[in-house]
Amino acid sequence: MSGGGFFAIPRIISAAIFAPVLAAVVSVNALADGPPKLPRGKGATCVEPLDVMRRNHMDFLNHERDLTVRGGIRGRKHSLVGCIACHAQRDGHGDFIRIDAPGQFCHACHEFTGVKMDCFECHAAVPDTSASHAAAPPFVPPRRGGYGGETRP
Amino acid sequence: MPAHFHQLKITAPEYRAALAVLLALAALGYAAAHYMDAGGHHITGMNNRVVWGIPHVFALALILAASGALNVASLSSVFGLDEYQPLAGLSALLAIVLLVGGLLVLVLDLGRPDRLIVALTHYNFKSVFAWNILLYTGFIALAVGYLYVLVEPGARRAGRVRAAGMLSLLWRLVLTSGSGAIFGFVVARPMYHAAVMAPLFIALSLALGGAAFQLVAAALARWHGDYLDESVLARQARLLAWFVAAVLLLTAIFHLTHGYAAERRAVERFILMRGGVYTALFWAQAGLGGALPLALLLAPAPGVRRLCAAAALVVLGGFAHLYVIIIGGQAFPLPIFPGKTVTGGFYDGEVAAYAPSLPEFLLGLGGVAAALLLLLAALRVLPFMPPPRRARQRG
Amino acid sequence: MTAPANRKRRKLLAAAASTVAAAPGLRLMEWAAAQSDAQPVTAATRWGLLIDTDKCAVDCDACVRACNDEHGLTGTGRPETDAQWIRKVTLTDEHSGRVTSLPVLCQHCEQPPCVDVCPTGASFRREDGVVLVDKHTCIGCRYCVIACPYQARSFVHENLTAQKPYSPRGKGTVEGCTLCVHRIDEERAPACVEVCNSGGGDDCGNGALLFGDLNDPQSAIARRLKSAPSRQLRADLDLNTGVRYENL
């Protein structure tokens with residue numbers, strides 16, 4: 001849990017100890033040469049104009065979250081899965097690196113601006129590479145209102 | 001006649017020792033919460049069958065005791081018993097700190113304590129838990145208001161004190177019913193789903209809170225200078241005896257009605273006869289935490305020592321009682337398939353295992369320590385200590 | 001989102017508009033209308049599952065394995081705290097000795113006790129009848145686990161890694177069967193239903209699970225429920241469960 005909310009008192013202790021140490025390390029490495037350089041996403045453009053994306057991505061994500069979780073609307077352009085699919089990088093062996101790992105896309109900026117988020121405690125931080133879902137079978141609509149049971153003997 | 005309250009003055013060396021122990025316990029509780037938060041709840045004894053463990057027993061005991069600790073303030077301000085007036089401030093202060101301690105334990109045990117703010121911004125009006133959040137905050141606000149009118153000078157003071165006392169008396173009856181409803185409204189579990197849960201929790205709160213107040217008042221009297229009149233002590237003993245008797249009676253009603261209903265007989269057999277640790281604790285709280293203190297209290301001329309011994313037994317008994325209700329009620333399997341023997345699945349049909357681990361126990365104990373530390377700190381800066389008896393007799 | 005699905009949902013929209021607008025704290029309609037033609041699920045559909053215990057084999061746990069695979073529920077060697085969204089139980093009647101085998105999972109009640117007790121509203125019932133946890137607002141109090149009559153919810157007891165992208169899970173929140181909403185929103189059957197109805201290999205192919213829309217009188221599940229007796233677990237609680245059992 002890295003949310004570090006107002007009431008998570010125990011974390012204040014660890015923060016008090018580790019923050020100065022971290023800050024020293026970070027300021028040497030990052031602050032010296034301004035905002036971090038970000039790996040470029042896949043494709044020509046992002047899902048929104050660049051300046052809008054930089055400023056408002058958290059709002060898009062929050063809206064998308066409620067649409068999906070409460071309304072069952074999926075796979076649209078502001079999906080978090082989508083961000084990762086386009087923005088995750090591979091390492092020397094061709095394996096994906098967690099998008100929230102130090103220096104990676106969702107981490108570099110946030111580290112620089114001091115934003116903390118807990119999304120990747122739950123959400124997968126690398127694109128889906130499992131066979132069944134990476135290459136989802138072409139969708140065949142089943143007969144209306146019945147699934148599976150239609151094949152019952 | 002406004003009472004002349006004092007601030008707490010330290011005169012005894014035991015006070016410093018007590019302070020050190022409390023500080024150490026609070027620090028341990030705090031560390032335990034951090035450990036649980038970092039590692040997850042698998043380091044506790046809790047599991048997917050028993051999701052509420054010893055922290056919840058501590059939290060509920062503290063919350064119920066908070067409500068009962070206000071007895072003395074009610075006796076003085078609502079029922080007009082003047083000999084209790086010097087103790088009214090201490091009573092309200094103790095109520096506040098016990099509630100804060102209980103809530104602290106409850107919050108630090110959450111899976112996501114960092115999201116507590118969500119509990120304030122997202123509110124489900126159908127949830128008994130959510131009602132309780134309002135009841136707790138309201139209780140603290142009312143008790144603070146009561147303390148304020150208690151020391152505030154003014155011509156209409158007596159009327160305001162009575163009004164504030166009355167309001168907090170009614171509020172805490174609702175609050176304890178609300179705590180009972182957390183369990184009483186759970187239709188899924190035969191152990192919990194019972195209307196008698198609300199009065200039982202009220203009686204438990206009166207007994208637990210009365211006993212807690214007795215112990216705290218006696219300890220402070222030793223350190224600060226004796227302020228407990230004989231008449232107050234005798235009345236305390238009689239009152240506590242009534243509350244303990246009420247708990248015993250309601251417990252008997254609870255289990256008799258359950259034993260009468262066929263679908264609940266299984267869980268009754270479990271609690272009363274075959275439940276191992278739960279059965280042992282049940283009879284221990286009924287005997288050592290109920291009948292024995294009742295006898296101690298009813299025997300003629302109870303001195304401070306006997307009263308305190310009885311109060312300590314009542315506190316331990318109340319704690320054991322809550323353990324049996326909260327954890328025993330979860331350990332017993334859910335009656336999903338009446339008339340069938342269930343095997344396989346997720347320990348279906350089996351009594352769930354639960355043994356508290358050290359961190360969760362320390363978290364609960366830390367809540368008690370934090371409450372008492374808060375009390376001592378508040379008493380040092382706020383004038384709510386009753387004046388010593390000698391001073392009063394002279395004055 | 002496929003064309004037929006959208007057409008179906010759009011058609012139902014007019015009738016259900018008022019219900020959706022009343023959904024707690026949401027303006028789904030506005031967002032959806034402004035951003036794309038995808039529409040939120042509506043109460044015109046109610047997803048349900050019919051389990052024929054006669055066809056469910058005692059030694060088969062293919063549905064449990066399929067669920068664990070689909071959602072990345074891996075064991076830690078501490079079964080008491082491991083997540084369990086669906087489990088197989090064997091019942092022996094205390095009088096007749098008849099043995100039945102069946103899966104138990106979230107029953108997707110119409111009147112879910114877990115939703116009633118949740119202090120933050122994180123436990124909720126989707127318009128189409130699926131009972132879910134919004135893990136973004138779950139504070140981990142576990143009251144829903146206490147309140148569920150079916151022991152169908154799990155609390156995540158430790159830090160997790162390598163979650164499935166379409167099934168995020170994390171420490172300190174409560175979870176349970178989602179009826180594979182990520183699949184049914186794309187008109188695919190839940191993982192357990194799929195495996196139970198396919199044959200060969202590790203799959204069981206017993207065809208004990210029938211999934212569909214309870215509100216559509218033409219659906220296989222609605223016709224089956226109309227023609228043959230079935231029952232709800234804990235029917236005495238009157239929760240109108242979306243999961244029903246035959247031959248129990």
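Protein chains get the first letters and strands the later ones, always in sequence-line order, with residue 1 at the start of each.
- A donor-acceptor pair under 3.5 Å is formed between the side chain of Q151(C) and the backbone N or O of N48(B).
- Between the side chain of N124(B) and the main chain of C118(C), a donor-acceptor pair closer than 3.5 Å is present.
- Note: P119(C) leads G140(C), P149(C), P119(C) in heavy-atom pairs under 4.5 Å with chain B.
- Of the residues considered (A130(B), G339(B), G329(B)), G339(B) shows the highest number of contacts with chain C, using heavy-atom pairs under 4.5 Å.
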Next on the checklist: Between V117(C) and F129(B), does the side-chain contact (heavy atoms from CB on, under 4.5 Å) criterion hold? Intermediate values first, please.
Outcome noted: CA-CA 7 Å; V117(C) 301; F129(B) 229 38; over 6 Å; no

Item to check | side-chain contact (heavy atoms from CB on, under 4.5 Å) between Y143(C) and V128(B), intermediate numbers included | outcome: CA-CA 10 Å; Y143(C) 196 12; V128(B) 183; 4.0 Å; yes

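- Using a 4.5 Å cut-off between heavy atoms, D82(C) touches chain B through its backbone atoms (N, CA, C, O) alone.
- With rounding to the nearest 0.5 angstrom, the NZ atom of K340(B) is 5.5 Å from the CG atom of L248(C).
- If you tally non-hydrogen atom pairs under 4.5 Å between each of Q84(C), R153(C), R98(C), H136(C) and chain B, the highest count goes to H136(C).
- Residues forming a side-chain hydrogen bond (donor to acceptor under 3.5 Å, both in side chains) with H56(B) (at least two apart in sequence, or on another chain): D109(B).
- Interface remark: L102(C) contributes side-chain atoms only to the contact with chain B (heavy atom separation under 4.5 Å).
- Within a 6.0 Å radius of OH in Y123(B), other residues, nucleotides and ligands contribute more than 12 heavy atoms.
- Side chain of R234(C) to backbone of A188(B): a donor-acceptor contact under 3.5 angstrom is found.
- Interface residue I146(C): backbone and side-chain heavy atoms are both found under 4.5 Å from chain B.
- The heavy-atom pair separating F346(B) from P79(C) by the smallest distance is CE1-O, 3.2 Å.
- Judged as a side-chain hydrogen bond (donor to acceptor under 3.5 Å, both in side chains), and not counting sequence neighbours, the contacts of Y245(C) are Q107(C).
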Item to check | V104(C) and F337(B): CA distance, side-chain angles, deciding distance, side-chain contact (heavy atoms from CB on, under 4.5 Å) verdict | outcome: CA-CA 11 Å; V104(C) 181; F337(B) 303 103; 3.9 Å; yes

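- Only the side chain of L334(B) comes within less than 4.5 Å of a heavy atom of chain C; its backbone N, CA, C and O stay farther away.
- The parts of V145(C) that come within reach of chain B are both its backbone and its side chain, each placing non-hydrogen atoms under 4.5 angstrom from that chain.
- Comparing N132(B), I133(B), V118(B) by heavy-atom pairs within less than 4.5 Å of chain C, the highest count is held by V118(B).
- Note: I139(C) CD1 to L120(B) CG = 9.0 Å, rounded to the nearest 0.5 Å.
- Applying the ring pair (Phe, Tyr, Trp, His ring centres under 6.0 Å) test to H157(C) and every residue at least two apart in sequence or in another chain returns F155(C).
- When the candidates C141(C), A122(C), G121(C) are compared by the number of heavy-atom contacts under 4.5 Å with chain B, C141(C) comes out ahead.
- Between the side chain of N159(C) and the backbone N or O of G40(B) there is no donor-acceptor pair closer than 3.5 Å.
- Between R87(C) and D348(B), the shortest heavy-atom contact is NE-OD1, 2.7 Å.
- Between the side chain of R112(B) and the backbone N or O of T173(C) there is no donor-acceptor pair closer than 3.5 Å.
- Using a 4.5 Å cut-off between heavy atoms, L91(C) touches chain B through backbone and side chain atoms alike.
- A side-chain donor-acceptor contact under 3.5 Å links K171(C) to the backbone of A38(B).
- Atoms CG and OG1, on L116(B) and T120(C) in that order, are 11.0 Å from each other to the nearest 0.5 Å.
- In this structure, chain B has a heavy atom under 4.5 Å from the side chain of R78(C), while its backbone stays farther away.
- The residue among T341(B), V50(B), T121(B) with the most heavy atom pairs within less than 4.5 Å of chain C is T341(B).
- Interface residue Y192(B): only side-chain heavy atoms are found under 4.5 Å from chain C.
- Atom CD1 of residue I43(B) and atom OG1 of residue T81(C) lie 11.5 Å apart, to the nearest 0.5 angstrom.
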Item to check | Evaluation steps, side-chain contact (heavy atoms from CB on, under 4.5 Å), between E80(C) and R49(B) | outcome: CA-CA 7 Å; E80(C) 300 89 353; R49(B) 280 283 304 275; over 6 Å; no

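- Contacts from residues 357-367 of chain B to chain C, taken as heavy-atom pairs separated by less than 4.5 Å, involve no residues at all.
- If you take NE2 on H122(B) and SG on C138(C), they are separated by 12.0 Å, rounding to the nearest 0.5 Å.
- Within the 4.5 angstrom heavy-atom criterion, no atom of P333(B) approaches chain C.
- In this structure, the portion of V115(C) lying under 4.5 Å from any heavy atom of chain B is its backbone and not its side chain.
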